Amino acid sequence: MTSEEVRWSDVACFVGRSDHIPSTLADLSSPDKQVRSKALRLLTHDLAWNENVCEATPYAIREIVQRLERREIAHPEEALALLSTLGNGEAAHPELIDWYGRAVDLLSLCRELMESNLKLYVSYLSDPSARLRALDVISSYRERAEEAQAELRRAADLARSTEERKEIMAAIDDLREWNETSVDEPTVVLSGDLFDRKISERKAAMMRIGQGGYVAPVSKVGPFLSARRYLIRHIMRLLERSERQRL
């Protein structure tokens, strides 16, 4: 199904209805960098607000994938970065949406749509400008991690340069690390009251969105941000602080 066949006016994003999403997706193919940058910012905000996905997100993921398959995007690294954000989104709790008459879990659907195109991402490894972004997508695989690792190993064997092989091998390490369970990882524990309050706040926000209201994004780290991402950001801040002190 193409973007023209989706009833975007019936699909909700984080600013209300999604009528503007098709034209914004088309702007990803613009030769004007400013137009593309604006489109990326808008799509990230409207489809992955505060790192959460919404009803329109899986439709957009599928459209981006189709455009990448047709080689319609002159700068695929930008679309691949957006795809990684949308396919690895989070949510306060599992939510069901109507996906062509079938009730499906929103988060699982977004991940399924992203991970079902492994061959496509591998095909972009031969493009030096898109390779790292394609590797970012592949190294974030969860449900098909073993399949992704096998494809990356084949790609490493076929690499045409030492640099390309090093980048692919680094992605294999990232893929393995992101799929390992470590007892040393921090955990996020929510009290029942806090969890209920966050759910109520999210439902109220979605009601305002459905009525055409605007909900400003939350910039601070919330309790639903993955512990792994929080840890990485904390380590990066420490490294940056150490570098500043060294200088």
Side-chain angles (χ1 to χ4, degrees), residues 28 40 43-44 47-48 51-53 57-58 60-62 64-69 71 73 75-91 105-188 221 224-237 239-240:
L28 295 177
L40 287 168
L43 291 168
T44 301
L47 299 173
E51 298 191 4
N52 286 266
V53 294
T57 307
I61 290 175
R62 188 179 56 184
I64 295 168
V65 166
Q66 290 173 350
R67 290 178 177 275
L68 286 170
E69 287 176 336
R71 294 308 199 262
I73 301 179
H75 296 272
E77 67 278 6
E78 298 170 345
L80 287 164
L82 176 61
L83 195 62
S84 180
T85 299
L86 302 183
N88 290 288
E90 300 178 358
D105 175 72
L106 177 58
L107 291 181
S108 298
L109 176 61
C110 289
R111 177 160 292 282
E112 176 188 341
L113 290 171
M114 182 189 73
E115 293 195 9
S116 61
N117 299 280
L118 180 57
K119 294 292 186 181
L120 172 65
Y121 310 138
V122 170
S123 73
Y124 275 100
L125 297 183
S126 59
D127 182 346
S129 63
R131 182 184 304 124
L132 289 179
R133 291 302 186 182
L135 289 173
D136 284 344
V137 176
I138 300 172
S139 63
S140 70
Y141 269 43
R142 297 293 183 274
E143 302 302 324
R144 304 186 182 188
E146 292 185 4
E147 181 183 352
Q149 185 173 137
E151 285 292 339
L152 286 177
R153 291 197 177 281
R154 278 192 285 271
D157 291 339
L158 298 173
R160 293 171 294 183
S161 68
T162 301
E163 179 183 6
E164 180 180 345
R165 189 176 190 279
K166 285 182 178 179
E167 291 173 347
I168 295 173
M169 294 304 295
I172 293 174
D173 290 339
D174 290 341
L175 176 66
R176 185 185 304 112
E177 177 186 345
W178 284 95
N179 282 278
E180 287 178 350
T181 301
S182 173
V183 296
D184 294 326
E185 284 186 6
T187 57
V188 179
V221 175
F224 296 108
L225 186 65
S226 73
R228 189 189 297 273
R229 291 185 184 180
Y230 177 83
L231 178 60
I232 289 175
R233 291 179 183 181
H234 177 66
I235 292 173
M236 291 303 295
R237 285 196 295 269
L239 290 174
E240 290 171 357

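Since this is a predicted model, take the numbers as computed values, not measurements.
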Ion pair present between [X] and [Y], side-chain N to carboxylate O less than 4.0 angstrom?
{"X": "Arg154", "Y": "Asp157", "result": "no"}
{"X": "Glu78", "Y": "Arg133", "result": "no"}
{"X": "Glu164", "Y": "Arg131", "result": "yes"}

Problem set entry | Positive for side-chain contact (heavy atoms from CB on, under 4.5 Å) with Leu86, one of Leu43, Ile61, Val53 |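 The single option meeting the side-chain contact (heavy atoms from CB on, under 4.5 Å) with Leu86 is Ile61.
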For this session: Scan Glu151, Arg153, Glu147 and name whichever one has a side-chain contact (heavy atoms from CB on, under 4.5 Å) with Gln149.
Result: Arg153
Residue pair [X] / [Y], side-chain heavy-atom distance below 4.5 Å:
{"X": "Pro128", "Y": "Glu163", "result": "no"}
{"X": "Ile138", "Y": "Val122", "result": "yes"}
{"X": "Glu167", "Y": "Leu135", "result": "yes"}

Problem set entry | Side-chain donor or acceptor of Tyr124 paired with backbone N/O of Leu80 under 3.5 Å |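 No; zero donor-acceptor contacts below 3.5 Å.
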For the atom pair [atom1] ([X]) and [atom2] ([Y]), what is the distance rounded to the nearest 0.5 Å?
{"X": "Tyr141", "Y": "Arg111", "atom1": "OH", "atom2": "CZ", "answer": "9.5 Å"}
{"X": "Arg142", "Y": "Asn179", "atom1": "CZ", "atom2": "CG", "answer": "5.0 Å"}
{"X": "Glu77", "Y": "Asp127", "atom1": "CD", "atom2": "CG", "answer": "7.0 Å"}
{"X": "Asp174", "Y": "Glu177", "atom1": "CG", "atom2": "CD", "answer": "6.5 Å"}
{"X": "Thr85", "Y": "Leu47", "atom1": "OG1", "atom2": "CG", "answer": "10.5 Å"}
{"X": "Asn117", "Y": "Glu112", "atom1": "CG", "atom2": "CD", "answer": "10.5 Å"}

If every non-hydrogen atom of [X] is compared with every non-hydrogen atom of [Y], which pair is closest and at what distance?
{"X": "Glu143", "Y": "Glu115", "value": "N-OE1, 3.1 Å"}
{"X": "Thr44", "Y": "Leu82", "value": "OG1-CD1, 3.6 Å"}
{"X": "Ala79", "Y": "Ile73", "value": "CB-CD1, 3.6 Å"}
{"X": "Arg160", "Y": "Ser126", "value": "NH2-O, 3.1 Å"}
{"X": "Thr57", "Y": "Cys110", "value": "CG2-SG, 3.9 Å"}
{"X": "Leu83", "Y": "Tyr121", "value": "CD2-OH, 3.4 Å"}

For this session: Check the pair Ser116, Arg144 against side-chain contact (heavy atoms from CB on, under 4.5 Å), reporting the backbone distance first and the verdict last.
Result: CA-CA 9 Å; Ser116 61; Arg144 304 186 182 188; 4.1 Å; yes
Exercise. Given the rule in the side-chain contact (heavy atoms from CB on, under 4.5 Å) test, do Ile172 and Met169 qualify, once you have shown the distances and angles that lead to the verdict?
Worked result: CA-CA 5 Å; Ile172 293 174; Met169 294 304 295; 3.8 Å; yes
Exercise. Just checking, any donor-acceptor pair under 3.5 angstrom between side chains of Ser140 and Asn88?
Worked result: yes
Problem set entry | Atom CD of Glu69 with >12 non-hydrogen neighbours under 6.0 angstrom |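 Counting neighbours around CD of Glu69, more than 12 heavy atoms of other residues, nucleotides or ligands fall under 6.0 Å, so yes.
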